[in-house]
Number of protein chains: 2
Amino acid sequence: MNRIRTSIVDIARAAGVSKSTVSLVLQGSPLVNDKTREKVNALINDLGYVYNRGAANLRQATSKIVGIVVNDLTNSFFAELAVGMDLVVQSAGYVQFLAHSGESIDRQRQVIASMRENGIAGLILSPARGTEANDIKPLTDSGVPVVVVVRNMPGAKVSTLLSDNCAGARAAVRHLVSLGHRRIAFMGGFLDTAVFAERVRGYREALIEASIPLDDNFIIHSAPSRAGGVAVVERMMVFPERPTAALCFNDAVAFGVCDGLRANGVEPGKGFGVIGFDDVIEAKTAVPALTTVSVDPQGMGQRAAQLLLKQINSGQIDQETIVTPVRLVVRQSCGAPVKQPEEIA
Amino acid sequence: MNRIRTSIVDIARAAGVSKSTVSLVLQGSPLVNDKTREKVNALINDLGYVYNRGAANLRQATSKIVGIVVNDLTNSFFAELAVGMDLVVQSAGYVQFLAHSGESIDRQRQVIASMRENGIAGLILSPARGTEANDIKPLTDSGVPVVVVVRNMPGAKVSTLLSDNCAGARAAVRHLVSLGHRRIAFMGGFLDTAVFAERVRGYREALIEASIPLDDNFIIHSAPSRAGGVAVVERMMVFPERPTAALCFNDAVAFGVCDGLRANGVEPGKGFGVIGFDDVIEAKTAVPALTTVSVDPQGMGQRAAQLLLKQINSGQIDQETIVTPVRLVVRQSCGAPVKQPEEIA
DNA sequence: TGACTAATTTGGAACGTTCCAATTAAGTGG
DNA sequence: CCACTTAATTGGAACGTTCCAAATTAGTCA
């Protein structure tokens, strides 16, 4: 309708005060008289004024925008992570540029550059595979706080939020051992990621602890997706001596493994123990309910956002690394004899 | 590091030209001499200059930012929708505010207001349940183009992108009928949404067409989630005369229904035919592979973004409504005797 | 060389806000 | 009624860009 937008001076004129006064009203200053405040507010409503945050940013050189870049939004782990961040960012009165890098480093770099031009106050990054400290150096060098989640980035001036992958994997494998399994595989995931390495490390440690000989054939990698899980089972089926249980790289792979087993006439949780990693929402309601290492992606997203906002507000960027604990949630897919009472849906 | 950011006048001074010239270089004007352009570009690099898009927006009153609000990012249908939008928005040189409303109208209103203050050039909205035309009226009134997707919003000055829910449901039920099913249920979904109504309409039409009497008990609603699907099956199990097949509100419900059936000793695709709606990524690899109505969320997201950008660039906001066709993808879960060759993973 | 056209370059105003120093208005105690 | 403190209000500069009209420089032709 009205192509020309109304500004602070328009309402100043209408109210018969100066633009400075209107500005004070806008930022809720106690300096201004209640009566004038009231008049100004009324006019703001009447004239349909909308605050121009861009102009404000220009003046005070500090925006209320944060950037969030996630490597794969279609993976529900990361989607929930993003939702957690959204929650706290939003309620702190910030808005977010939220972008999906699709594991492409070029895309990621491009998107971060664009966010920088638009003046973000901070960045949360769940980096694409193969991201290096250099990729965000310009940003960190210019004093913008950055929080890296899920995957770590050695050498970068950032804070980091990780989950205790090694301990989680160890706990999972220990549990399988306690159920009597001896031939335990590690299934799915990309070889070249730090997360993969850590989870495999936990897997190995638990096996050694139980004096079970390691067999590298039992570490079968694949894409960290449901399709990847199906593929892994196909490969496993031709083994002369098959494993009897598996810790999977993540829940998506675990679901795929269940699918694959069923396609081969094996019932997950009965003939074969399956444990996932992440505890995405569907894990609880799937059949069989998935035993998994709970990472609480949404909570992790919230913590990451809180950490970033803290640094933005305090103005000091420190480099803390927080490793959040994880816990094994025993459900049915591992063939456990008893359910934990809290986990009955 | 350097707390004071370098601006256009800094490089102008360094290059011995005026800020106007630098501005021209920045926007790739052909007016400027190649030699000066080169010098300026070199300095831009050296001094680590970053373009301040906020200042530019202030001057030209038109930004390169679009807003995207999605009702539920944790649902993979919507996540893929968002990824499709992200793709075209990004490559058109725009950035997006992408927010998750979590089906909360308050949240949605708040987030849209915030985006408005930040100066978006357009908005794509996948509305929260119960959104009304009034909720976005201030935005549309001020001449910002809005594209509504998935759910429609009667009375709003917006363009709309819908999928042909009715036809899809009709095709699905016809298929079940052709397989010999007579007692066919409609499972899941919230009663009060337009999408639900349309899909149920298609379901009814197909039954009438086949002279199968309607039975309202066979329309069993629930939350449109995996958990909702499980719950629906529980309720169905006590029916004196159970259905032999079901069209589900969406794929999430369909997966839940499969889980529920299995928990009750019924094998989906054998003892009971299941058809989903949406064709999310997992539908193909699940076991049994899910027969579903393919909506192509990512493509839909792309089209929505293209439509919005078209309106932004042309400066004219028309109110087109596009209904995109859908197609039934026959896989295993409906108990079809033959597979379509293209669908073998 | 002079006159004219084409190619470059350039001040300054403008965009909508915040901030500062300064001004004016309103009380208050003697 | 004065001096003084406190409460409210206010111009104008500043932020980093774009745009316009105008100025400068270079090139061309007679």
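Distances shown here put a side-chain N or O of A/Q60 below 4.0 Å from the OP1 or OP2 atom of C/dC19. Under 4.0 angstrom from either OP1 or OP2 of D/dA8 there lies no side-chain N or O belonging to A/T21. Between A/S23 and C/dT18 there is a side-chain polar atom (N or O) within less than 4.0 angstrom of OP1 or OP2.
Formation of a donor-acceptor pair under 3.5 Å by the A/D318 side chain with backbone atoms of A/E320 is not found in this model.
Of the candidates C/dG16, D/dC19, C/dT8, the closest approach to any side-chain atom of A/R5 belongs to C/dG16. Closest to the side chain of B/K19, out of C/dT17, D/dT18, C/dT9, is D/dT18.
The interatomic distance linking A/N52 (CG) with D/dC15 (P) rounds to 18 Å, in whole Å. Rounding to whole angstrom units, OH of residue A/Y49 and C1' of C/dG16 are separated by 7 Å. Separating the NZ atom of B/K35 from the P atom of D/dT25 is a distance of 16 Å, rounded to the nearest angstrom. With rounding to whole Å, A/I8 atom CD1 is found 14 Å from D/dG12 atom C1'. What separates CD of B/Q27 from C1' of D/dC20 is a distance of 13 Å, to the nearest Å. For the pair B/L24 CG and C/dT9 C1', the interatomic distance rounds to 8 Å; values are reported in whole Å. In this structure, B/L26 atom CG and D/dT18 atom P are separated by 6 Å, rounded to whole Å. Remark: P of C/dA26 and CG of A/D34 are 16 Å apart, rounded to the nearest angstrom.
Residue contacts for A/A56: at a heavy-atom cut-off of 4.0 Å it reaches the sugar-phosphate backbone alone, with no base atom in range. B/S7 comes within contact range of the sugar-phosphate backbone alone, with a heavy-atom separation under 4.0 Å but no base atom that close.
Contact between A/S101 and A/N71 at its shortest, heavy atoms only, is OG-CA, 3.2 Å. Residues A/I68 and A/M115 approach most closely at O-CE, 3.7 Å, considering heavy atoms.
Here the straight-line distance linking atom OG of A/S20 with atom CG of A/L31 works out to 12.0 Å at 0.5 Å rounding.
Along DNA chain C, the nucleotide closest to B/S18 and the one closest to A/L58 are compared, and the more 5′ of them pairs with B/S18. Closest-nucleotide positions on DNA chain C for B/T36 and B/A55 were compared, and the one nearer the 5' end corresponds to B/T36.
Under 3.5 Å, the side chain of A/R59 and the base of C/dT17 form no donor-acceptor pair of N or O atoms.
Salt bridge annotation for B/R5-B/D10: absent, with no cationic side-chain nitrogen under 4.0 angstrom from a carboxylate oxygen.
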